[in-house]
Amino acid sequence: KKAEKSFRQATETNSDSYMAHLCLAEILYKQGKLKEAESSYRHVIALNAGIAEAYTELGVVVRELGRWDEALSLHLKAISLKENFTEAYGNLSFILKNINFKSSNRSLYPVLLNLLKLENQIRPEDIAFSISSLLKHDPLIKDLLAEKNIFKNLKKTSARIEALNKLSLLHHLMRICPLPDLELEQLFVKIRFFILINLDKLAASPALNYFLSTLSLQCFINEYIYFESKEETKLVSELEALITESMKQSKQPELKNILCLASYRQLHKYKWCKDLEVLDHLDDIRKILVEEPLAEKAITKDIAILGEISDNVSNKVREQYEENPYPRWINSRHLKGTSIADFCNNANLKLYSENIKNVIAPKILVAGCGTGQHSLETATHFSGCHVTAVDLSLASLAYAKRKTIEAKLTNVDYVHADILNLANLGKEFDIIECVGVLHHMLDPMAGWKVLTSLLKPGGLMRIGLYSELARQDIISMRDEIRLLGLGTSEAEMREFRRVIINSSNQSQQQLTKLQDFFSLSMFRDLIFHLQEHRFTLPQIAHCLGVLGLKFCGFEDKTIVSKFTNFSGKEAATYDLDLWQKHEESNPKTFIRMYQFWCQKL
């Protein structure tokens, strides 16, 4: 408030000082006075239209006011003024989560491509929905989507498929994350079949090989979730036999044959995979499809093991994630290192003890780290921290450790363990993060009690739990799977997924709008998981009370902003009774999960 008063005086003394107006705008924003902040930022731009930061900060304000399209335009303007504006690109990724494009706009492609190439800055899957919605309207793709019979004319269809190579944005996205769009998926299912069925007739060319290499990477990343007909299975078996026989005779198969097979099957599972000389000039294909999976098998032997996993449910859950490590990812964010004090302030956490802010080198436990995306982000988020990351699945841990070595991070230790055995670590932690794990245990409270016992007094805990209200559609699916007696073979899961895609049932169609619908491990986790509990906010409030934990706030700022508009009171942000009323009025609010922070008294 003192700063606001000073800068108001400065703007009155020198009304042409854009820096004074810029400082005032920042102060107003930090106080939550969004309308006034917007006015001040616009005044800055009127005084000096060349300040990239003013457009970015104004974009953040209008974003929080719910004007996403305008926020996008402002950030694009900022990037046009300052080409390598990392902060603007970071904000842009957040904005794109809420943008669904309705028309073609190729002028956006260079900026979006640069955004995707910012390794360690974004999670590509966060913006994949938005970019897919834009690409669908591209004339090249729109033309193919409109084609009813893609097998009609071999020469014409081949040329149109190869023309997709002009879309660098499409290829780059497909090489780093699953495409979360059913229309695009169905197009690539048709194209994959078209290439398979015409493999002998298609002339080998760099253009065909480039397209196939992208398609093979996409299928590997989405874990071969695309539907496969009986005819395709037969043709793939024949292709496997042809390549295997060729390798037995020490003859290198054609590259197009290998890449076509790689779009249906995992290359690293074939005994001859290391001897594929035809991949010598495709480093990314060899690395991702062959070398990295084999490296993970070797890494498994070096992971520390904490006791035997004896709980029956834990062992069954472990089996699931050994078969389908969750999730498969290529790029992740390396968050800007921050102190606990700054983190608490930026996250608007309500603390019941301020002592946690004085911790300079926090010891952090990530309980249920999966394939490491979570643990790597945490390890880069908190300055001076050391992370202990545990998981039930050795396959997941091997993936995580490989990605950690690749990122050259040395402050993460991986341990193979059940949460129920973590008391044997003999450690206490300043921060514990456990997201999407407890609800898969036989007794979530038993696991939560173990974690609480490892948290230092005043320590912070981040928890993620399924919402009973938000998952009604998923509950219906799980009931149907149970009634049908379906197992968890890849063929059964793909077939049931196809049923959902073709269904006219509204609740089933809702599932196709979730990111988890577009890769096999995530799809299995979504509706085929063998163990699932769901919670309500009153139940969570009760659990917190029993455990001696205090609610500090929800993590998702977009959800919090919508709640504040609903309740009309910012102070109500920490009132779980009011949150319950909000969720009852908006049952899909926590469709991904309740993700919140709490503090040990």
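No hydrogens, no waters, no symmetry mates; every other heavy atom, side chains included, goes into these values.
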Heavy-atom closest pair, residues [X] and [Y]:
X: Phe517; Y: Leu511; result: CB-O, 3.4 Å
X: Leu306; Y: Asn421; result: CD2-O, 3.6 Å
X: Glu532; Y: His440; result: CA-ND1, 4.3 Å
X: Asn315; Y: Ile309; result: ND2-O, 2.8 Å
X: Ala389; Y: Ser375; result: CB-CB, 3.9 Å
X: Asn411; Y: Ala379; result: ND2-O, 3.1 Å

Would you call [X]-[Y] a salt bridge at under 4.0 Å N-O?
X: Arg402; Y: Glu406; value: yes
X: Glu185; Y: Arg497; value: yes
X: Arg286; Y: Asp283; value: no

With distance as the sole test, does [X] use its side chain to make a donor-acceptor pair with the main-chain N or O of [Y] at under 3.5 Å?
X: His416; Y: Leu392; answer: yes
X: Asp391; Y: Gly370; answer: yes
X: Ser585; Y: Lys581; answer: yes
X: His75; Y: Val60; answer: no
X: Lys403; Y: Ile330; answer: yes
X: Ser132; Y: Leu179; answer: no
X: Asn222; Y: Phe518; answer: no
X: Ser314; Y: Ser310; answer: no
X: His439; Y: Tyr466; answer: yes
X: Trp329; Y: Arg123; answer: no

For atom [atom1] of [X], decide whether the heavy atoms of other residues, nucleotides or ligands shown that lie under 6.0 angstrom number more than 12.
X: Lys357; atom1: NZ; value: yes
X: Lys513; atom1: NZ; value: yes
X: Arg592; atom1: CZ; value: no
X: Glu308; atom1: CD; value: no

- Task: Flag this pair as yes if the NZ/CZ of Lys401 is under 6.0 angstrom from the six-membered ring centre of Tyr414 and inside a 45 degree cone about the axis; otherwise no.
- Result: no
Nearest 0.5 Å please: distance from the [atom1] atom of [X] over to the [atom2] atom of [Y].
X: Glu291; Y: Asp284; atom1: CD; atom2: CG; answer: 11.0 Å
X: Leu365; Y: Leu451; atom1: CG; atom2: CG; answer: 6.5 Å
X: Leu465; Y: Cys434; atom1: CG; atom2: SG; answer: 8.0 Å
X: Glu492; Y: Phe528; atom1: CD; atom2: CZ; answer: 7.5 Å
X: Glu495; Y: Leu486; atom1: CD; atom2: CG; answer: 9.0 Å
X: Ile356; Y: Ile431; atom1: CD1; atom2: CD1; answer: 5.5 Å

Are side-chain N/O atoms of [X] and [Y] paired as donor and acceptor at under 3.5 Å?
X: Ser521; Y: Arg328; value: no
X: Glu377; Y: Gln373; value: no
X: Asp413; Y: His386; value: yes
X: Glu468; Y: Gln539; value: no

- Item | Which residues share a salt bridge (Lys or Arg N to Asp or Glu O under 4.0 Å) with Lys588, sequence neighbours left out | Asp473
- Which residues share a side chain to side chain donor-acceptor pair (under 3.5 Å) with Glu490, sequence neighbours left out: none
- Message: Tell me whether the rings of Phe596 and Trp448 are parallel (<30°), tilted (30 to 60°) or perpendicular (>60°).
- Response: tilted
- Task: Determine the interplanar angle of the Tyr326 and Tyr321 rings, folded into 0 to 90°, and report it as parallel if under 30°, tilted if 30 to 60°, perpendicular if over 60°.
- Result: tilted
- Of Leu112, Leu116, Leu118, Ile122, which is the lone residue that meets side chain to side chain contact (heavy atoms under 4.5 Å, CB included) with Ser93? Ile122
- Message: Testing Asn324, Ile225, Leu530, Asp516 one by one against Arg524 for a side chain to side chain contact (heavy atoms under 4.5 Å, CB included), which residue passes?
- Response: Asn324
- Go through the steps for Cys344 and Leu460 under the test side-chain contact (heavy atoms from CB on, under 4.5 Å), then give the verdict. CA-CA 10 Å; Cys344 292; Leu460 291 171; 3.8 Å; yes
- Task: Please test Ser467 against Glu583 for side chain to side chain donor-acceptor pair (under 3.5 Å), starting from the C-alpha separation and ending with a verdict.
- Result: CA-CA 10 Å; Ser467 161; Glu583 189 182 13; 2.6 Å; yes
Less than 4.5 Å apart, any side-chain heavy atom of [X] and any of [Y]?
X: Phe343; Y: Pro362; result: no
X: Ile500; Y: Ile527; result: yes
X: Leu520; Y: Tyr224; result: no
X: Ser519; Y: Ile221; result: no
X: Gln510; Y: Ile474; result: no
X: Gln218; Y: Pro178; result: yes

- Report yes if the distance between the aromatic ring centroids of Phe551 and Trp579 is under 6.0 Å, otherwise no. no
- Query: Can we call the ring centroids of Phe554 and Phe563 under 6.0 Å apart?
  - Reply: no
- Test Ile288 against Leu217 for side-chain contact (heavy atoms from CB on, under 4.5 Å), laying out the working first. CA-CA 8 Å; Ile288 294 172; Leu217 286 171; 3.9 Å; yes
- Query: How far apart are the C-alpha atoms of Leu289 and His268, what are their side-chain angles, what is the distance that settles it, and do they pass the side-chain contact (heavy atoms from CB on, under 4.5 Å) test?
  - Reply: CA-CA 6 Å; Leu289 302 190; His268 70 89; over 6 Å; no
- Among Lys456, Lys600, Lys363, salt bridge (charged side-chain N to carboxylate O under 4.0 Å, His left out) partner for Asp430: Lys456
- Task: Let me see the working for Ser263 and Cys219 under side-chain contact (heavy atoms from CB on, under 4.5 Å), right down to the final yes or no.
- Result: CA-CA 6 Å; Ser263 70; Cys219 292; 4.3 Å; yes
- Counterpart residues, side chain to side chain contact (heavy atoms under 4.5 Å, CB included), relative to Gln595 (two or more places apart): Val435, Arg462, Glu555, Met593
